[in-house]
Amino acid sequence: MFARTLALELAEQRINVNVVSPGLIAVGSRPAVSEPYKEALLKTIPWGRAGTPEEIAHAVYFACSPEAEYLTGSVISVDGGSSAGRFHLPRSD
């Protein structure tokens, strides 16, 4: 909501305000996350895999590019489709 409000306030000055919302991103080994839990998480992602930092960077790059001039007050979900229909997360033990 903050980004949307800020987008409205800054639109007159032609300043874009957007949010990139990442899903599960593979950033290396995380010893606190068990393999069964990781596998359960991956099953909740429609794309079937974790994203990469590069995929987040691509979304940010686009949002900052001239091609996105008319994009403001938006949330760009980079989550393999999770936000389109993931209704639960498995419990972490």
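No experiment lies behind these values; they were computed from the predicted model shown.
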Report the distance from atom [atom1] of [X] to atom [atom2] of [Y], rounding to the nearest 0.5 Å.
{"X": "Leu71", "Y": "Asn16", "atom1": "CG", "atom2": "CG", "result": "7.0 Å"}
{"X": "His58", "Y": "Glu55", "atom1": "NE2", "atom2": "CD", "result": "7.0 Å"}
{"X": "Leu6", "Y": "Met1", "atom1": "CG", "atom2": "CE", "result": "13.0 Å"}

Minimum-distance pair of heavy atoms, taken over all atoms of [X] and [Y]:
{"X": "Gly81", "Y": "Pro46", "result": "O-CG, 3.5 Å"}
{"X": "Thr72", "Y": "Ala7", "result": "OG1-CB, 3.4 Å"}
{"X": "Asn18", "Y": "Ser74", "result": "OD1-N, 3.0 Å"}
{"X": "Ala68", "Y": "Ala63", "result": "CB-O, 3.7 Å"}

What about [X] and [Y], same hydrophobic cluster or not, with Ile/Leu/Val/Met/Phe/Trp/Tyr joined at side-chain heavy-atom distances under 4.5 Å?
{"X": "Phe62", "Y": "Val17", "result": "no"}
{"X": "Trp47", "Y": "Val27", "result": "no"}
{"X": "Phe2", "Y": "Val20", "result": "no"}
{"X": "Ile45", "Y": "Val78", "result": "no"}

Neighbour count above 12 (heavy atom, 6.0 Å) for Arg49 CZ: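 Correct, the count exceeds 12.
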
Between Leu42 and Leu24, is any pair of side-chain heavy atoms under 4.5 Å apart?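 Yes. Closest side-chain heavy atoms under 4.5 Å.
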
Are the side chain of Asp79 and the backbone of Pro22 linked by a donor-acceptor contact shorter than 3.5 Å?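 No, because the side chain of Asp79 does not come within donor-acceptor range (under 3.5 Å) of the backbone of Pro22.
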
